[in-house]
*Asks:* 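Quick one: the structure is below, questions incoming.
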2 protein chains.
Amino acid sequence: MSEPGLACCTPLSGTAMSAEQAEQVAPLLKALADPVRLRLVSLIASSASGEACVCDLNDAFDLTQATISHHLKVLHSAGILDRDKRGVWVYYAVRPAALTAVATLFSTAVPA
Amino acid sequence: MSEPGLACCTPLSGTAMSAEQAEQVAPLLKALADPVRLRLVSLIASSASGEACVCDLNDAFDLTQATISHHLKVLHSAGILDRDKRGVWVYYAVRPAALTAVATLFSTAVPA
DNA sequence: ACAGGACATCGACGGACGTCGATGTGTGAA
DNA sequence: TTCACACATCGACGTCCGTCGATGTCCTGT
């Protein structure tokens with residue numbers, strides 16, 4: 001780490017994101033930072049009923065059912081998807097609060 | 001992959017995100033899906049002049065200068081940060097288009 | 001009770017990621 | 001020219017991630 005001998009530029013004024021806040025938001029972004037999971041969320045969100053069962057999601061990808069189940073588990077654990085077992089089938093729905101949280105984060109981050 | 005023998009639910013109507021679009025947006029989110037990089041962007045964005053030099057950013061973390069330089073390179077390669085070498089020091093600035101792209105992505109993804 | 005289907009879990013594999021110490025590169029001052 | 005400094009790059013290490021095949025669990029007909 002460099003010593004604070006001389007000031008070369010502005011001292012980063014204003015209230016930036018705290019370390020705790022960053023550690024809290026990063027997992028949410030990490031869950032979305034995957035092409036497959038991004039398409040999964042998009043597919044579910046663009047569905048007419050706002051939800052989708054795993055059987056349809058499986059057919060939309062050239063991936064194993066185990067892999068899709070894994071991705072859905074990641075999205076569910078991150079609080080992005082709601083899980084609802086109805087009989088034999090399992091329906092996933094997008095939790096709007098999670099996505100709007102990300103949207104507001106980046107819309108308020110840049111004041112321009 | 002399951003055979004489309006019987007329709008169990010809605011066929012995922014509406015225009016969802018394409019595979020190419022997902023492959024294009026995912027790296028941008030992956031670059032932001034890290035607590036350190038999130039704080040870096042936040043620090044630069046909340047700076048009074050809208051930019052920050054690496055020397056100040058180094059002091060804000062308990063990490064090696066090599067690690068900070070690596071994170072800045074990732075953010076720069078993803079098109080999130082602009083790099084401007086001015087004499088001995090290097091200044092990084094947030095590219096607003098990248099952040100607003102993410103914001104609009106998630107604000108339009110959920111129609112509610 | 002039994003069989004079959006829908007989905008989750010497990011264990012394993014290859015590759016990518018975050019971090020570090022060491023070294024390289026370019027700039028300004030003495 | 002020589003030195004010190006700011007920053008980038010390199011090589012290496014441990015860990016996490018995406019994907020798979022195999023297996024387990026739960027539900028529903030028959």
Side-chain angles (χ1 to χ4, degrees), chain A residues 1-9 19 22-23 26-41 44 51-78 81-93, chain B residues 1-9 19 22-23 26-41 44 51-78 81-93:
Chain A
M1 311 308 164
S2 63
E3 298 288 329
L6 43 90
C8 66
C9 45
E23 299 274 355
L28 212 154
L29 288 174
K30 186 166 283 190
L32 291 166
D34 184 275
V36 176
R37 290 199 284 267
L38 222 45
R39 288 182 60 199
L40 280 171
V41 172
I44 299 172
E51 60 183 6
C53 85
V54 185
C55 58
D56 281 346
L57 298 174
N58 274 330
D59 296 350
F61 297 88
D62 282 337
L63 291 172
T64 310
Q65 174 263 330
T67 302
I68 299 296
S69 186
H70 163 68
H71 284 308
L72 290 171
K73 180 189 179 72
V74 171
L75 289 168
H76 176 61
S77 299
L81 257 45
D82 271 332
R83 187 178 180 277
D84 180 31
K85 179 161 189 173
R86 228 174 290 161
V88 189
W89 299 298
V90 174
Y91 290 77
Y92 281 94
Chain B
M1 308 308 163
S2 62
E3 298 288 329
L6 44 89
C8 68
C9 44
E23 299 273 356
L28 212 155
L29 288 174
K30 185 166 284 189
L32 291 166
D34 184 275
V36 175
R37 291 199 284 266
L38 222 46
R39 286 182 61 199
L40 280 171
V41 173
I44 299 172
E51 59 184 7
C53 86
V54 186
C55 60
D56 281 345
L57 298 173
N58 273 329
D59 296 349
F61 298 88
D62 282 338
L63 292 171
T64 310
Q65 175 261 331
T67 301
I68 298 296
S69 186
H70 163 70
H71 285 309
L72 290 171
K73 180 190 180 71
V74 171
L75 289 168
H76 176 60
S77 300
L81 257 45
D82 271 332
R83 187 176 180 276
D84 179 30
K85 179 161 189 174
R86 227 175 291 162
V88 189
W89 300 298
V90 174
Y91 291 77
Y92 281 93

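A note on names: the letters A, B, ... follow the listed sequences, proteins ahead of strands, and every chain is numbered from 1. This structure is a prediction, so every number in the text was calculated from the model and none was measured.
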*Asks:* Separation of A:E23 atom CD from C:dG18 atom P, in whole Å?
*Replies:* 13 Å
*Asks:* For the pair made of CZ in B:F61 and C1' in C:dC20, what is the distance, rounded to whole Å?
*Replies:* 17 Å
*Asks:* Using a cut-off of 4.0 Å between protein heavy atoms and nucleotide atoms, how would you tag nucleotides 21-30 of chain D 5' to 3' with B, S and -?
*Replies:* BB----SS--
*Asks:* For DNA chain D, determine which residues of residues 69-78 of chain A have any heavy atom closer than 4.0 angstrom to one of its atoms, and list them numerically.
*Replies:* A:H70, A:H71
*Asks:* Indicate every side-chain donor-acceptor pair of residues 29-37 of chain A with a distance under 3.5 Å to a residue at least two apart or in another chain.
*Replies:*
unit_1, atom_1, unit_2, atom_2, d
A:D34, OD1, A:V36, N, 2.9
A:D34, OD1, A:R37, N, 3.3
A:R37, NE, A:A31, O, 2.6
A:R37, NH1, A:H71, ND1, 3.1
A:R37, NH2, A:K30, O, 3.4

*Asks:* Examine D:dA8: is either OP1 or OP2 under 4.0 Å from a nitrogen or oxygen in the side chain of B:Y92? Give yes or no.
*Replies:* yes
*Asks:* Keeping B:T67 on the side-chain end and B:L63 on the backbone end, is there a donor-acceptor pair under 3.5 Å?
*Replies:* no
*Asks:* Take atom CG of B:D84 and atom C1' of D:dC7, then tell me their distance rounded to the nearest Å.
*Replies:* 14 Å
*Asks:* Determine yes or no for a side-chain-to-main-chain donor-acceptor pair under 3.5 angstrom, with A:S77 supplying the side chain and A:K73 the backbone.
*Replies:* yes
*Asks:* May I have the distance from A:K30 (atom NZ) to C:dA16 (atom P), rounded to whole angstrom?
*Replies:* 16 Å
*Asks:* From B:Y92 OH over to B:D56 CG, what is the distance, rounded to the nearest 0.5 angstrom?
*Replies:* 14.0 Å
*Asks:* Under 4.0 Å, counting only non-hydrogen atoms across every strand here, what does B:R37 touch: a base, just sugar-phosphate, or nothing?
*Replies:* sugar-phosphate
*Asks:* How many whole angstroms separate atom CG of B:L63 from atom C1' of D:dC7?
*Replies:* 16 Å
*Asks:* Using whole Å, what does the distance between atom P of nucleotide C:dC7 and atom CD1 of A:I68 come to?
*Replies:* 12 Å
*Asks:* Output the rounded distance in Å from CH2 (B:W89) to P (D:dA8).
*Replies:* 15 Å
*Asks:* Looking at residues at least two apart in the chain, or sitting in another chain, which of them share a salt bridge (charged side-chain N to carboxylate O under 4.0 Å, His left out) with B:R86?
*Replies:* B:E51, B:D84
*Asks:* Examine D:dC7: is either OP1 or OP2 under 4.0 Å from a nitrogen or oxygen in the side chain of B:R83? Give yes or no.
*Replies:* no
*Asks:* Based on the rotation axes of five pairs at each end, what angle does the helix from C:dA1-D:dT30 to C:dA30-D:dT1 bend through, to 10°?
*Replies:* 20°
